[in-house]
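So you know, we letter chains A, B, ... as the sequences are listed, proteins then strands, and number each from 1.
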Amino acid sequence: MSWLCRPRKGGVDCRNYSHNSSSEFYSSLGLEGFSVADTSGTVEEDTDSAILYGTLRGSIVGLRYYKGVVNNNEMVALQREPNNPYDKNAVKVNNVNGDQVGHIKKELAAALAGIMDNKLAVVEGVVPYGAKNVFTMPVQMSFWGREENKEAVLDQLKMHGFKLAPPLKECGFGSKWISGKTGPTYSAPVHAAVHLTTEQLKSEFDKLFEDLKEDDKTCEMEGAEAVGTLLLPHQKQALAWMVSRENSDNLPPFWEERNNFYYNILTNFAVKERPKNVLGGILADDMGLGKTLTTIALILTNFQDGKPLPVEKITSDKSYEVRWKKKIVSQYSKSSDLGESEECLPLQTERSSFNYCTASIQSVEKKYSEDGPRTTLIICPLSVLSNWIDQFEQHTSQDFHLNIYIYYGSDRNKDPAILSEQDVVLTTYNVLATDYGVSKYDSPLHKIKWLRIVLDEAHTIRNPNAQQTKAVLSLEAHRRWVLTGTPIQNSVKDLWSLISFLKLKPFTDREWWHRTIQRPVTMGTPGGLRRLQSLIKSITLRRTKISKVKGKPILELPERKVLIQHVTLAEEERQIYQSVKKEGKVAINRFFNEGTVLAHYADILGVLLRLRQLCCHPHLCTNTSSSFSVGSNTPEELRQMLVNKMKLVLSSGSDEECAVCLESLTLPVITHCAHVFCKPCIYEVIRSEQPNASCPLCRSELRVEHLVECSLEEELNSSNGKKGGQEWISSSKINALMHALIELRKENPTIKCLVVSQFTTFLSLIENALKKSGFVFTRLDGSMAQKKRVEAIQCFQSSQAGSPTVMLLSLKAGGVGLNLTAASRVFLMDPAWNPAAEDQCFDRCHRLGQKYNVIITKFIVKDSVEENMLKIQNKKRELAAGAFATKKPSASEIKQTKINEIKALIDL
DNA sequence: ACCGCCGGGTGCC
DNA sequence: ACCGCCGGGTGCC
C-alpha cells in the first residue's frame with residue numbers, strides 16, 4: 001500500500017510547466033496539490049518551438065537547510081513555490097534526483113516568479129562551479145520561450161534590474177559543462193537552430209536501428225518446456241535478448257562508475273547507490289514477427305534467476321478437464337471484441353463460466369509458494385485481447401497449465417490477493433484507466449507489485465496527458481516491457497511515455513527528458529540524434545520484415561506487387577461526374593474567394609466524397625443532404641446541421657485527425673464554426689484559454705455550450721442507410737473488377753481474392769455482380785457482430801472445395817491481428833486518403849503464412865479525384881517517412897496543409 | 001560566513 | 001553623536 005500513498009516522483013510531473021491560472025483554478029476548489037499534473041496539453045507542449053533568449057548568472061542560497069547535493073556542471077531544476085510562507089515569489093532549486101538544493105536569491109526570484117507563472121519562459125539552471133559551497137552557490141540560467149514572448153521576458157527582467165547575457169555559444173544546453181571527458185561538446189546551437197532537412201533526418205533515423213543485430217542480440221535461446229511451439233530463429237534471439245535484459249545488472253544507458261560514484265553523463269548527476277538498469281525494454285519488431293509468441297515464451301522461460309515459471313504440469317487425467325476449460329476461454333475471447341463500453345461486453349453466461357473455471361483451477365493444490373511476485377500483467381487494446389488469449393492457448397504446451405485471469409468486464413474480480421496469485425493477468429488500457437479514474441488508491445491493479453508488466457501496442461499511451469498514460473505510469477513492477485510495431489510514430493516526443501514507463505532515470509521526469517534528449521534532437525543539435533540513438537539502441541530490439549538472420553531474410557515472405565488499373569467511366573457516368581464536379585468547383589471557388597474555405601471544410605469534404613463515390617457507382621451518391629445553406633434557423637435546425645456536417649466529416653473516410661492531439665478522433669464534437677475535434681481535447685483548449693477561448697483552426701469564438709456531439713442513435717441511424725429497392729445496375733468500376741475476377745477464375749479457380757472498399761454500400765452493389773457470375777463469396781465489415789465476423793473469416797480461410805473465393809472487405813474492418821492469408825489477390829476498389837490504411841489492409845494477407853505472391857490491383861478512375869488522391873498519398877508517404885523529429889505542426893500549418901490538399905484534389 | 005548586514009554600545013588623543 | 005566606528009549576533013525563501 002505504501003507506494004501508493006507517497007507522492008510520486010517520476011510519474012507525470014509537470015513542475016516547471018505548472019500554470020498560474022490553472023493552479024488558481026484548482027486552489028479555488030481546494031484541490032491544490034492535485035492540480036499541476038493535470039495542466040493542459042496545449043501550452044506546455046509548445047516547448048518544442050522554444051528559442052533561447054539568453055543567459056543569466058544568479059545564486060542559489062540556503063544550501064545549508066537542504067540535503068540535495070549537486071556536482072559542478074550539474075543541471076538543476078528551477079521550480080516555483082508560490083505557497084512559500086516567507087515569499088510568494090520563491091523559486092526552489094532541485095537537483096536531477098528531485099532533492100531540493102536551495103532557493104533562488106529573493107531579488108532574482110522576484111523577477112523570475114512572474115515569468116515562470118505566466119509561462120513566458122522556461123528557466124533552466126546549471127551549477128557551473130562551487131558545488132561544494134556551504135551557504136550559496138552560483139547558477140547559470142538559460143531562458144527559453146517562444147519568439148513572441150521574448151520582449152515581455154526581457155522587460156520583466158529589466159524591471160527588476162536584470163539583463164540577459166547574449167546566449168553564449170557554449171551554454172545552449174548547459175552542455176558546456178557536460179563536455180568533460182565523456183559527453184559530446186555542443187557548438188553554437190542557440191538561436192539559429194540548425195534545422196536538418198527531411199532527408200538528413202530520415203537517414204539519421206534509419207541509422208537509429210542499424211547495427212541492432214550486432215552486440216549480443218544474435219544469441220539464441222530455447223524456450224522452456226512449457227512453450228508448446230517451436231520458436232523461429234529470430235524469435236529465439238528475441239527471447240535470449242529479453243531474458244538477458246531481465247537478468248542483467250549492467251548500468252543503464254548514460255551512467256558510468258567513477259571512483260565509487262555513479263555518474264549520469266548527460267546531467268552530471270552522481271549517486272552513491274548503483275542505479276538499477278531497466279529490467280526490460282522495448283520490443284519493436286515489425287508486426288507479424290511474433291512479438292506475442294516471444295513474450296509468452298519469456299513469461300514461461302524466465303521467472304527467477306533464469307529459471308522457468310513453475311507452472312503446473314498436468315497429469316493425463318486432468319488434461320481433459322483443462323482442455324475443456326481452454327475452450328471456454330477462447331469462446332469468451334471471440335465475443336469480446338466489439339467496443340470498450342460495458343454494454344458491449346460478452347454474454348454474461350460465458351464470462352461467468354470462465355470466471356468459475358479460474359476459481360476452480362485456483363483450488364487445485366499449489367505447488368509453489370514463492371516470496372516475490374509471480375504475476376505478469378499484460379495491458380493491451382481491447383482489439384488484441386482475444387489474440388492474446390488465443391495465442392496463450394496455442395503456444396502453451398498442452399501438458400502445462402497457466403493461471404490466466406482476464407481482468408475485464410463489469411464483474412471482474414478486484415481482489416488483489418486473487419490477482420497476484422495468477423501467472424498472468426490480462427487487461428485493457430481502458431479498464432486500467434477506468435479503475436484508476438474511479439480512485440487511484442482503490443484500483444486493484446495499482447495495489448499489486450507485479451513481476452512484470454507488458455504493454456502491448458504501447459503507442460496507445462504516447463500522449464502523456466491521457467488518463468490511460470497516467471494510469472500506466474503509476475503501476476509498480478520489477479520488469480517492464482513495451483511491445484510496439486511503431487516505436488516512433490510522429491516524433492521523439494512520443495517516446496517519453498514509453499521511456500518513463502520503463503523508469504529510466506532521469507528521463508522519467510519530463511524536464512530532463514526534454515533537456516537532454518528531446519530538445520537536442522528537435523533542434524538538430526549535433527550529437528543529439530546520436531544520443532537518442534544510443535539510448536534506443538541500448539533498450540530496444542527491432543527487426544523489420546526484411547531484416548536478416550545469418551544472411552537470410554527473417555521471414556521469407558512472398559513478393560508483393562501493387563498494380564494500378566485505370567478505369568474509364570462510361571459516358572453517362574462521366575456526365576454525372578462532370579456536373580457534380582462543376583457544381584462543387586463553383587462552390588469551392590466561392591469559398592476560396594470569400595476566404596471561408598475552412599468554415600466550409602465539411603461541405604468541401606462532402607463534394608469530394610460525392611465525386612469519389614461517383615467514381616465507384618452512381619448509386620452511391622444519393623446521400624446528397626447538401627448542407628450548403630447556412631441560414632441561421634432555429635437552434636434545433638442549427639444543431640441538426642452541425643450534426644450532419646460532422647457525420648459527413650466522419651463518414652467521408654478522410655481519416656480526419658483532431659487538430660489538437662493529431663490523432664484520430666475520439667468522442668468527436670463539432671464547433672459552431674464546423675470544425676471537429678476530440679471532446680476532451682477541445683474542452684482542454686477552452687479551459688486553458690479561459691475566459692476567451694478560440695477555435696484552434698479558425699480562431700472564432702469557442703464555448704462549451706456551443707459544442708455539438710453526435711448521439712449514439714444518430715450515429716447508428718446514419719450507418720444503416722440502406723438503399724431502397726433501386727434496380728441493380730453495374731458500373732464501369734464493377735465491370736473492371738468482374739472482368740478481372742472472371743479472368744482469374746479461368747486461370748485458376750482456387751485463387752482467393754479480397755475486394756476492398758471504403759464504402760460498404762459499394763460492397764453491397766458488388767455482391768449483386770458476384771451473385772450473377774456465380775462467385776461464392778463472404779463479407780467482413782465493421783457493422784458485423786463479432787460472431788459473424790469470426791464465421792466469415794474462418795469460412796474464407798478454409799481451403800475446402802466450395803469455400804468462398806472472394807471476400808468483400810471494408811477497408812478498416814478488423815484490427816491489426818486480422819489474418820486473411822488465404823487470399824493472394826487484392827482488389828482495392830477506391831483509394832484511401834491515408835496510404836497507411838491501405839498498406840495495413842494489404843498486410844492482412846501479405847503476412848506470415850502467405851504461400852503465394854500477392855498481387856494488389858488498385859482501380860483508379862482516369863481524370864478524376866482518384867488520380868489526385870494518389871498524388872496526395874505520395875505526399876503523405878514522404879511526410880510520414882520524414883516525420884520523425886519534426887515538431888508538431890501548428891494549427892495554422894495544419895490549416896495550410898488542408899487547404900493545399902483541397903486545392904490539389906479539386907484541381908484549382 | 002575568513003563574508004555582509006543589523007543594531008546596540010559608544011565617543012579626543 | 002540627528003554622526004562614525006567598534007565588535008557581537010547572525011544568516012534562505
Set of side-chain contact (heavy atoms from CB on, under 4.5 Å) partners for Asn149(A), sequence neighbours left out: Tyr53(A), Leu120(A), Arg146(A)
Under 3.5 Å side-chain donor-acceptor pair for His706(A) and Glu701(A): no
Polar pairs (N or O, both sides) under 3.5 Å between protein and nucleotides 11-13 of chain C?
from	atom 1	to	atom 2	distance (Å)
dC12(C)	OP2	Tyr65(A)	OH	2.3
dC12(C)	O4'	Gly62(A)	N	3.4
dC12(C)	O2	His103(A)	ND1	2.7
dC12(C)	N3	Tyr66(A)	OH	2.8
dC13(C)	OP1	Lys106(A)	N	3.0
dC13(C)	OP2	Lys106(A)	NZ	3.4
dC13(C)	O3'	Asp87(A)	OD2	2.5
dC13(C)	O2	Asn84(A)	ND2	3.1

Strand partner of dC2(B), provided both Watson-Crick or wobble distances fall under 3.5 Å: none
Shortest non-hydrogen contact from Leu112(A) toward Val123(A): CD2-CG2, 4.4 Å
Listed partners of Gln156(A) passing side-chain contact (heavy atoms from CB on, under 4.5 Å), at least two apart: Ile115(A), Met159(A), His160(A)
Whole-angstrom distance between dC5(C) and dA1(C), as gauged at atom C1': 12 Å
Sidechain-backbone polar pair: Thr55(A) side chain, Pro167(A) backbone, donor-acceptor under 3.5 Å: no
